[in-house]
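Here is the structure we will look at, set down as structure tokens.
By convention in this document, chain letters (A, B, ...) are assigned in the order of the sequence lines, proteins followed by strands, and residues within each chain are numbered from 1.
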Amino acid sequence: MAFVNESDSSDWEDVPLVALKRKAPDVKQPPRKRSAEVAPVSKATAKGERVSSARARTSAVPVSSKRKRIASSGSSSSPASSSSPSSAESKSENSAPPSSGSDCDAKDSSQSDVGSDSESESAAGAAVNGRKKQKTRHGATPARVHKERHRARHVHRFGDEDDHYDADNGSQEIKWQSLVHKGVCFPPPYEPHRKPLLYKGERCMLEPEAEEIATFYATKIGTTHVQNEKFNENFFDDFRACLVSIKSQYASRIKKFVLCDFSIIRAHLDSIRAKQKEKTPAERKAEREADADRLREYTVAQVDGRMEKVGNFRVEPPGLFLGRGDHPLTGKVKKRIMPEDITINVGRTDPVPPCPVPGHRWGQIVHNQTATWLASWKDSITGGMKYVFLGASSTFKGQSDQAKYEKARTLEKHVGAIRKAYTKGMRSSELCLKQLSVASYLIDKLALRMGNEKGEDEADTVGCCSLRVEHLRFLKENRIELDFLGKDSIRYLNVVVVDPLVYETLESFCSGKKPGDSVFDAIHSTKLNKHFQKFMPGLSAKVFRTYNASRTLDNLLHMSTPEAMTTDAMVEFYNKANKEVAILCNHQKSQSVSFNDQLERLVERKADLVKQLKQLERRETLDGDHVIVVAHEHVKPLFTPEMNMKEREEEKERVSKLDKQRVEKKVAIKLIESTVERTKQRIEKIDLQIRMKSDLKNVALGTSKLNYNDPRITVAWCKKHSLPIEKVFSSSLLQKFSWAMSTSEDFRF
DNA sequence: GGGAAGACTTGGAAAAATCTTT
DNA sequence: AAAGATTTTTCCAAGTCTTCCC
């Protein structure tokens, strides 16, 4: 793709809220913005703390109705309101905004793409022999065709070689012709330890199946999970169900969780761990290597003859489901996956990997060339699919990564038009368009996630479209406070100054509603993405996150890199830019338990060095070239020539017990100067460590580095300023981003 | 149109590996 | 050389978004 530097949307270039965030002084709490206009954050929740939804949900409104999608009824589809001009626009290169066209009209959206799918009429025929030229969209294809396609994908078929697909298309394209791999690796079967559970103090020698489950629980003792009532309840339900189903002798006896005592099992686990710890490094290394040998064949796959690394070739072991936040299913027993549960995806003519578990066989063998996974199974807890994919450094992942960033760069061309359109849309008389517009604004300016609907069996977290009235507070001077639990139940707490029109419109969406009501009741995620796609093919909410993240990094790095910095200073500068991106995306980590200790230790070390430095500098010249230096040193052992080895050892031993001695030394000034210099450098380094440590104590840089920052920005900047790329990318990152390593130093996002 | 399924990316924490300090 | 801190990798949960199917 071509470079996209120029923008046709200069009037909207200032990206207000991104800039706004950047000005934030010390961020103490979840992402906070500009001090002057930002109200002090009142609710003190330690950043990075995962919050139970009960805490963030302020009102006592019943949850039940919240989760259900609110039909986009009544108001949303005002009769024949908009004669959509959209389809034409979506094709045009430098798309003008699709004027007032709204998705609120059903006809509108479904038609909008028909034009762009000119080849779709061939899809049906093509599908039968596995030839799908492009992905068909928005249900334009009849159900019959879908069925055919489905069959074509899943059934062994004669090999047809003439498949050719537009690289541009999404998931429907053929991704490979040949796929060879060894399948998946299973955890070892359970070995009973025969350690009893205590029930009312009585020893219960559980049957192996029940013992295994009890042991799952014992491993979690000491974690916060066991303080979670739901966790214990779910665990115990499943444990009881197991006792009953295996007709355990204890099925009728073990009735109450609180009467269970796992301490004997736990002690057993601890002793195993202790034994493991006792092993010498050499033993451990040998073990590791033996393990690696055994697994080697699983680590690579051959895709069209290329060797590629496999990512997660191990089947997830059984255990307790560790849901995050207030997950309704947390603590439930995750069943052991057997070969029969696994679907293997290989090439039609390629060998099927042998099943590694004697006496068992794979559940299913498929040849799904439109997918990149090697194996899949159904998760026993969530009912969702789990996949084995190739590793991050693979061609598949690399290509889609690159495509992701190119798409984000393309957004640069359209974002001006989009911003104009949503500003205009907020004034519309149509509720649906108004909501689409305000939601677009929030996604663009605050980098919010889309916020799909969630089910009853999931934690109650939200994103943009699922925001409820209780998550917003309207403050003075066009300030809005957003306070909700986002992905992974990480709290998003932010006070922002918004456009007066946004303030007013958003307030109108909330007025007259109950705290638990949806703010955006006339739209949902599918609708919003369809709306986005009118402006730019393939545009969806997450592209804005990528775009704004990379845009921010590029701006910060290029606008203000000071000249002539040390390597450490360069890294610090880079991390600071990275940190702004992380704050924008609300990437948090929990503060490590020993944070305070660690910081204190650094401060102490610095104080020591400063003291040393002072001593070094407080010196008197002895002659022109030498000084007397006072130091505290260990007493040196006194060896005499006639001492044997044993006596020497004893002398060393004796001396090591003595206190340090004050010594005065005559030292060359030159030498002192270099020591002073070195000490100064060490102090500076510790200073930097202290700064970075406190600065990043609850900001996680990893996620943005891995998923949001176009690596070419970093590569270009490193080249330009002669910073070795290894200083900012770990070796796995270097591999993952190998496609970006040849970027020239002139690259701009 | 809309719910469900499927496939893939994103995310923080835990575990493992490596580096630093004592 | 052990202990402790830090960085990197692995793990798997939890999102997004498209397609399937009624």
Practice problem: Measure from CE on A/Met385 to P on C/dC20 and round the result to the nearest Å. | Solution: 15 Å

Self-check item: Phosphate contact (B/dT9 OP1 or OP2) by A/Tyr708 side-chain N/O below 4.0 Å
Solution: no

Exercise. Quick one: list whatever passes side chain to side chain donor-acceptor pair (under 3.5 Å) with A/Ser540, sequence neighbours left out.
Key: none

Quiz item: In whole Å, what is the span from the CG atom of A/Asn529 to the C1' atom of C/dT19?
Solution: 14 Å

Quiz item: Considering residues at least two apart in sequence or located in another chain, which fulfil the ring pair (Phe, Tyr, Trp, His ring centres under 6.0 Å) criterion with A/Phe389?
Solution: A/Tyr387

Quiz item: Looking at residues at least two apart in the chain, or sitting in another chain, which of them share a side chain to side chain donor-acceptor pair (under 3.5 Å) with A/Gln735?
Solution: A/Lys309

Quiz item: Can you say whether the rings of A/Phe313 and A/Tyr298 are parallel (under 30°), tilted (30 to 60°) or perpendicular (over 60°)?
Solution: parallel

Quiz item: Start at the 5' end of DNA chain B and walk down; is the nucleotide closest to A/Phe389 or to A/Thr224 reached first?
Solution: A/Phe389

Quiz item: In whole Å, what is the span from the CD atom of A/Glu173 to the P atom of B/dG6?
Solution: 20 Å

Quiz item: Separation of A/Asn575 atom CG from C/dT6 atom P, in whole Å?
Solution: 14 Å

Practice problem: Apply side chain to side chain donor-acceptor pair (under 3.5 Å) to A/Ser704 and list each qualifying residue two or more places apart in sequence or on a separate chain. | Solution: A/Asn578

Quiz item: Rounding to a whole Å, what distance do you find between A/Trp377:CH2 and B/dA5:P?
Solution: 19 Å

Practice problem: Determine the contact category for A/Ser376: base if any of its heavy atoms lies under 4.0 Å from a base atom, sugar-phosphate if only primed atoms, P, OP1 or OP2 are that close, otherwise nothing. | Solution: nothing

Practice problem: Considering just the side-chain nitrogens and oxygens of A/Arg288, establish if one lies under 4.0 Å of OP1 or OP2 belonging to B/dA15. | Solution: no

Enumerate the protein-to-nucleotides 13-15 of chain C contacts in which both atoms are nitrogen or oxygen and the separation is below 3.5 Å.
{"residue": "C/dA13", "atom": "OP1", "partner": "A/Lys334", "partner atom": "NZ", "Å": "3.0"}
{"residue": "C/dA13", "atom": "OP2", "partner": "A/Lys386", "partner atom": "NZ", "Å": "2.6"}
{"residue": "C/dA13", "atom": "N3", "partner": "A/Arg324", "partner atom": "NH2", "Å": "3.3"}
{"residue": "C/dA14", "atom": "OP1", "partner": "A/Arg324", "partner atom": "N", "Å": "2.7"}
{"residue": "C/dA14", "atom": "OP1", "partner": "A/His327", "partner atom": "ND1", "Å": "3.3"}
{"residue": "C/dA14", "atom": "OP2", "partner": "A/His327", "partner atom": "ND1", "Å": "3.3"}
{"residue": "C/dG15", "atom": "OP1", "partner": "A/Thr461", "partner atom": "OG1", "Å": "3.0"}
{"residue": "C/dG15", "atom": "OP1", "partner": "A/Asp488", "partner atom": "N", "Å": "3.0"}
{"residue": "C/dG15", "atom": "OP2", "partner": "A/Lys454", "partner atom": "NZ", "Å": "2.3"}

Quiz item: Base, sugar-phosphate alone, or nothing: which one does A/Lys736 contact when heavy atoms must sit under 4.0 Å apart?
Solution: nothing

Quiz item: Taking only residues two or more places apart in sequence, or in another chain, which ones meet A/Phe186 in a ring pair (Phe, Tyr, Trp, His ring centres under 6.0 Å)?
Solution: none

Quiz item: What's the verdict on side chain to side chain contact (heavy atoms under 4.5 Å, CB included) for A/Trp176 and A/Asn345, showing C-alpha distance, side-chain angles and the deciding distance?
Solution: CA-CA 11 Å; A/Trp176 47 265; A/Asn345 193 20; 3.8 Å; yes

Exercise. May I ask you to evaluate whether A/Thr526 reaches the phosphate of C/dC17, defined as a side-chain N or O under 4.0 Å from OP1 or OP2?
Key: no

Quiz prompt | Distance test, side-chain N/O of A/Gln588 to OP1/OP2 of B/dG11, below 4.0 Å | solution = no

Practice problem: Could you pull out all residues at least two apart from A/Asn228 that satisfy side-chain contact (heavy atoms from CB on, under 4.5 Å)? | Solution: A/Lys230, A/Phe231, A/Thr330

Quiz item: To the nearest angstrom, how far is A/Lys705 atom NZ from B/dG12 atom P?
Solution: 15 Å

Practice problem: Check DNA chain C against residues 727-735 of chain A and give the residues with a non-hydrogen atom under 4.0 Å, in numerical order. | Solution: A/Ser730, A/Ser731, A/Ser732

Quiz item: OP1 or OP2 of B/dT9 sitting under 4.0 Å from any side-chain N/O of A/Lys542?
Solution: no

Exercise. Could you list the residues that satisfy side-chain contact (heavy atoms from CB on, under 4.5 Å) with A/Glu726, not counting sequence neighbours?
Key: A/Pro724, A/Leu734

Practice problem: Report yes if at least one side-chain N or O of A/Asn368 is closer than 4.0 Å to OP1 or OP2 of B/dG6; otherwise report no. | Solution: no

Quiz item: Looking at A/Ser540, does any N or O in its side chain come under 4.0 Å of the phosphate oxygens OP1/OP2 on C/dT16?
Solution: no

Practice problem: Take the protein atom NE2 of A/His587 and the nucleotide atom P of B/dG12, then report the distance between them rounded to whole Å. | Solution: 5 Å

Quiz item: So which one's nearest nucleotide on DNA chain B is more toward 5', A/Arg273 or A/Lys397?
Solution: A/Lys397

Self-check item: Atom-to-atom span, CG of A/Leu706 to C1' of B/dA13 - whole angstrom
Solution: 15 Å

Self-check item: Ring centres under 6.0 angstrom apart (A/His587, A/Tyr708)
Solution: yes

